[in-house]
Amino acid sequence: MPELPEVETIRQELIPHVVGRTIRTVDIRYPPLVAGETPARFASRLIGRRVVDVRRRGKYLIFDLDDGGHWVVHLRMTGQFRWGEGETEGDKHTHARISFVEGGELHYRDVRKFGRFYWVRDEEELLGHLGPEPLSEAWTAEALAQAIGHRRAPVKALLLDQRVVAGLGNIYADEVLFVAGIHPQRPGYTLSDEEIRRVHEAVRAVLEEALAARGSTFRSYRRPGAQQGGYQHQHRVFRRTGEPCPVCGAPIQRVRIAGRSTHYCPRCQGAGIWDSVEKSGTAS
DNA sequence: AGGTTCACCTTATCGC
DNA sequence: TGCGATAA
DNA sequence: GTGAACC
């Protein structure tokens, strides 16, 4: 599950390898990997181009090319990049190989094959729907309040909505709500300004922590050098169902919200306005 | 507007 | 050891 | 992780 911290880590570690190098060959072995056009056409757009920068927007990686075009990648659930100096075949899950004129090879692996490659001239047509970057100065608690303060959806579902804020996925949405002390099922409009400020602050704190640990590996996430991230050891609630809450000791609960497993502490995240709302709601 | 379910794929794990 | 269900 | 179909 590569989310913002994992994608950002991959971006940082790819830069020293690919920026300044020129693409020599593009070998697509699983045609559906390329969205919207044939692998041959996609390859022709990349071959001969020099990579001038690698950026990130939400969970997307953007390779800026010297002709103004962009090779955009979304890793979805199990996509990985692997860097190698020599030429290798890769295993059965390697669906694309990019080689460079100056040497070196970038492999794309993806066990579940959900990831996608795009080529665009105007990145806004692909990324324009995304909400603000949570780590930018421009993203304020007021902006978050504007986006969720009037909505009926559970706050967990709102944090997963990439139009609200770009880059959170299942792991970090659960961690953020625990740190903020908010029940994941609370409708957005029930949060006070103070609670929205806590969520806003928690998003930044959790993402910064995870970034410092180079992301979370609990199944398939790997960095370009195949190393694992380290943040999974610091997860407070994610995939800790039944384990004691790190703050109060109550057993962590798991429920399903918006189709995703959601983990929370019923004591630390159960108190406050929501108790009365929930009780009066179910009683009447 | 929101929820649920399914589809897209493969593998690891779990219970029996 | 193997099979189906389930989760990720 | 995301998008589409359906309630």
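Chain identifiers are assigned alphabetically (A, B, ...) following the order of the sequence lines, protein sequences preceding nucleic acid strands; residue numbering begins at 1 within each chain. These numbers come from a predicted model, not from an experiment.
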Legend entry - Check: A:His95 side chain, A:His93 main-chain N or O, donor-acceptor pair, under 3.5 Å: yes
Legend entry - Phosphate OP1/OP2 of C:dA7: any A:Arg112 side-chain N/O under 4.0 Å: no
Inset, instruction - Answer with base, sugar-phosphate or nothing: what part of the nucleic acid does A:Pro32 contact at a heavy-atom distance below 4.0 Å? - result: nothing
Legend entry - Under-4.0 Å salt bridge between A:Glu89 and A:Arg29: yes
Legend entry - chain A contact limits on DNA chain B, taken 5' to 3' with a cut-off of 4.0 angstrom to heavy atoms: B:dG2 to B:dT11
Inset, instruction - May I ask you to decide if the ring planes of A:Tyr108 and A:Phe117 are parallel, tilted or perpendicular, using 30° and 60° as cut-offs? - result: perpendicular
Legend entry - Pair A:Glu8, A:Gln12: side-chain N/O donor-acceptor within cut-off below 3.5 Å: yes
Legend entry - Residue among A:Tyr172, A:Tyr221, A:Tyr231 satisfying side chain to side chain donor-acceptor pair (under 3.5 Å) with A:Ser216: A:Tyr172
Legend entry - side-chain contact (heavy atoms from CB on, under 4.5 Å) partner of A:Val120, chosen from A:Ile62, A:Val72, A:Leu127: A:Val72
Legend entry - First of A:Val111 and A:His150 reached from the 5' end of DNA chain B, by closest nucleotide: A:His150
Inset, instruction - Please check the phosphate of C:dA7 (OP1 and OP2 only) for any side-chain N or O of A:Ser261 closer than 4.0 Å. - result: no
Inset, instruction - Please tell me which of the listed nucleotides, D:dT2, C:dA8, D:dG1, lies nearest to the side chain of A:Arg239? - result: C:dA8
Inset, instruction - Using the P atom as the reference point in each nucleotide, state the distance between B:dT11 and D:dT2 in Å, no decimals. - result: 23 Å
Inset, instruction - Determine the contact category for A:Arg254: base if any of its heavy atoms lies under 4.0 Å from a base atom, sugar-phosphate if only primed atoms, P, OP1 or OP2 are that close, otherwise nothing. - result: sugar-phosphate
Legend entry - Sugar-phosphate only, base, or nothing, as touched by A:Tyr30 at under 4.0 Å among non-hydrogen atoms: sugar-phosphate
